[in-house]
Protein chains: 2
Amino acid sequence: MKPLDTKDKILKAARQLFVEHGFAGTAMGKIAKQAGVNHSLLFHHFGNKAKLWGAVKADIVKDAKVQSTILPATDLKLEDFLQQLLANQIQFYRDNPDIVQLISWQRIEAGNESDIGVTLSEESQAWLDAIKAYQAKGEIAPQHKPEYIVTLILSIASTTALDNNQLIDNEEAYLEFCVAGLVKCFAAN
Amino acid sequence: MKPLDTKDKILKAARQLFVEHGFAGTAMGKIAKQAGVNHSLLFHHFGNKAKLWGAVKADIVKDAKVQSTILPATDLKLEDFLQQLLANQIQFYRDNPDIVQLISWQRIEAGNESDIGVTLSEESQAWLDAIKAYQAKGEIAPQHKPEYIVTLILSIASTTALDNNQLIDNEEAYLEFCVAGLVKCFAAN
DNA sequence: TAACGAATTGACTAATCAGTCAATTATCGT
DNA sequence: ACGATAATTGACTGATTAGTCAATTCGTTA
C-alpha cells in the first residue's frame with residue numbers, strides 16, 4: 001500500500017477518536033484497529049502518541065482555515081451586515097465541529113491554550129476594521145470601542161451555536177432579536 | 001480512622017483530580033496516593049471508578065447550589081439591576097471553578113448532558129419573573145420574549161467569565177458597555 | 001473483656017497501555 | 001531483473017490500569 005494511503009487512514013482514524021475522546025481517552029491500539037492498520041505503523045509513521053495528536057491538530061486547523069468566516073460587505077445596511085455576520089459565524093461553528101471540539105479539549109486537557117485560539121485572532125483585525133468603517137459612516141457611535149463590539153458579537157455567535165440554549169424555541173427569531181438589539185445598542189443618537 | 005474521615009479524604013482527592021484531568025485522565029491509584037489512603041479503600045467505600053465520579057459530581061453540584069446567583073431586587077433601576085445581575089453571575093462562575101470545569105468535562109467526555117445543566121434552569125424561572133416585572137413596570141418593552149432576554153444576559157456573563165477575551169483590556173468597562181447596550185436594546189420607546 | 005462488624009491492608013489478577021525491534025515484504029529507480 | 005530503501009508485520013516488553021480477595025486490625029457494644 002502507498003505510504004500516503006496508510007498515513008491518511010491513520011490520521012483520519014486518529015482524528016475521529018481524538019476529537020471524540022480526547023488525548024487521554026484515546027488508545028493507539030484503538031486507532032490502529034479503526035484504521036485497519038498494524039499497530040506498529042502508527043509509531044513508524046508518526047513517532048509517538050503526542051506527535052500523532054499534534055498531526056491531528058494541525059490537520060483540523062488546516063481544514064478550518066480554508067473555510068473561515070467570510071466577512072460580509074461593509075456597504076450593507078448595518079442591520080443586514082450584523083445579521084449576515086452572525087449567520088456566517090454560527091455556520092462556521094456548525095460546519096467545523098472538529099475544531100470546536102478540539103478547542104474544548106485543548107482548553108480542558110491542557111491548562112494553556114498555546115496552539116490554537118490564534119486562529120480567530122488572525123481575522124479579528126478584519127472584523128475590527130469593518131466596525132470602524134461603520135463608525136466612519138456614522139451608523140455606529142464613535143465612542144464605542146470596536147473591540148467591545150466584536151467581542152459582544154462573537155459572544156452571541158458562540159453561545160448560540162455551541163450552548164444548549166434551553167430557553168430558545170426558535171433560533172432564527174432569537175437572532176433577529178439580537179440583531180435588532182445590537183443595532184439599537186450601537187446606534188449613534 | 002473514622003470512616004467519614006477516610007471517605008472525605010478520598011472524595012476530596014478524587015474531586016481535585018477528576019476536575020483537573022477528567023474521568024479517563026484520572027487513575028484510581030493516583031487518587032489513593034493523593035488521599036494518603038490504601039488503594040483498596042476506594043473500592044470499599046465507593047464501589048468502582050464510575051460511582052466515585054458520580055459521588056464527586058454530586059458533591060460539586062451540592063456545593064454550587066449553596067451559593068447560586070442571588071437575584072438583585074427588582075425595584076432597582078433597570079440599569080443597576082442588570083449591572084448587579086451580570087456581576088453576580090460572573091462572580092458565581094469565578095467562585096465555583098469546579099462546577100464550570102465539571103460541566104465542561106460532562107459536555108466533552110459524554111455526548112449527552114443529562115446530569116447537570118438542570119442546575120441552571122431551576123433558577124431561570126426567577127430570572128424570567130424578574131424580567132416580566134420590569135416589563136410590567138414599562139422599563140422593558142413588552143414585545144420582547146423574556147426567554148430571549150435571559151439567554152442574552154447569560155450569554156454575556158458566561159463568555160465574559162469563561163472565555164479568554166483577547167480583545168478586552170478592561171473587563172469592568174466592557175461590562176458597562178454591555179449594560180448600557182442592553183438597556184437601549186430592551187427599552188420601550 | 002469478649003466478640004462482632006466494619007475498616008484497612010497488601011498481595012494478586014487480567015486487561016490494556018505506549019512503545020521497541022528484528023524479520024519480512026513491497027516498491028521503485030536503475 | 002537487481003538492489004536499495006521504505007513499508008509492514010507480529011512478537012515482545014515493562015508499566016499502568018481497574019478491580020478482587022482473604023487476612024488483619026480497629027472501634028464499639030454487650
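The analysis underlying the following values was restricted to heavy atoms, covering all of them including side chains, and did not include hydrogens, waters or symmetry mates. First the proteins, then the strands, lettered A, B, ... as listed; each starts at 1.
- In this structure, T151(B) and W127(B) have side chains that are not in contact, with every pair of non-hydrogen atoms separated by 4.5 Å or more.
- As a whole-Å value, the separation of K49(A) NZ from dA18(C) P is 4 Å.
- A side-chain donor-acceptor contact under 3.5 Å links Q125(B) and D129(B).
- Side-chain contact between I10(A) and H45(A) is present, with heavy atoms from C-beta onward closer than 4.5 Å.
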Shorter than 3.5 Å, N or O on both sides, protein versus nucleotides 10-16 of chain C: list them out with atom names.
residue	atom	partner	partner atom	Å
dG10(C)	O6	S40(B)	OG	2.4

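- Computed from coordinates, the L41(A) CG to dT8(D) P distance equals 5 Å when rounded to whole Å.
- For K7(B) and dA6(C), the NZ to P distance is 13 Å, given to the nearest whole Å.
- What separates CE of M28(A) from P of dT20(C) is a distance of 10 Å, to the nearest Å.
- The environment of NZ in K137(A) is crowded: more than 12 heavy-atom neighbours from other residues, nucleotides or ligands sit within 6.0 Å.
- The side-chain heavy atoms of I31(A) and L52(A), taken from C-beta on, include a pair separated by under 4.5 Å.
- Using the six-membered ring where Trp is involved, F18(B) and W53(B) have ring planes that are tilted, between 30° and 60° apart.
- For the pair H44(B) NE2 and dA7(C) C1', the computed distance is 6 Å after rounding to whole Å.
- The nearest whole Å value for the distance from the NE2 atom in H45(B) to the C1' atom in dT9(C) is 12 Å.
- Rounded to whole Å, the distance from CZ on F43(A) to P on dT13(D) is 17 Å.
- Atom CD1 in I10(B) sits about 11 Å away from atom C1' in dA7(C), given to the nearest Å.
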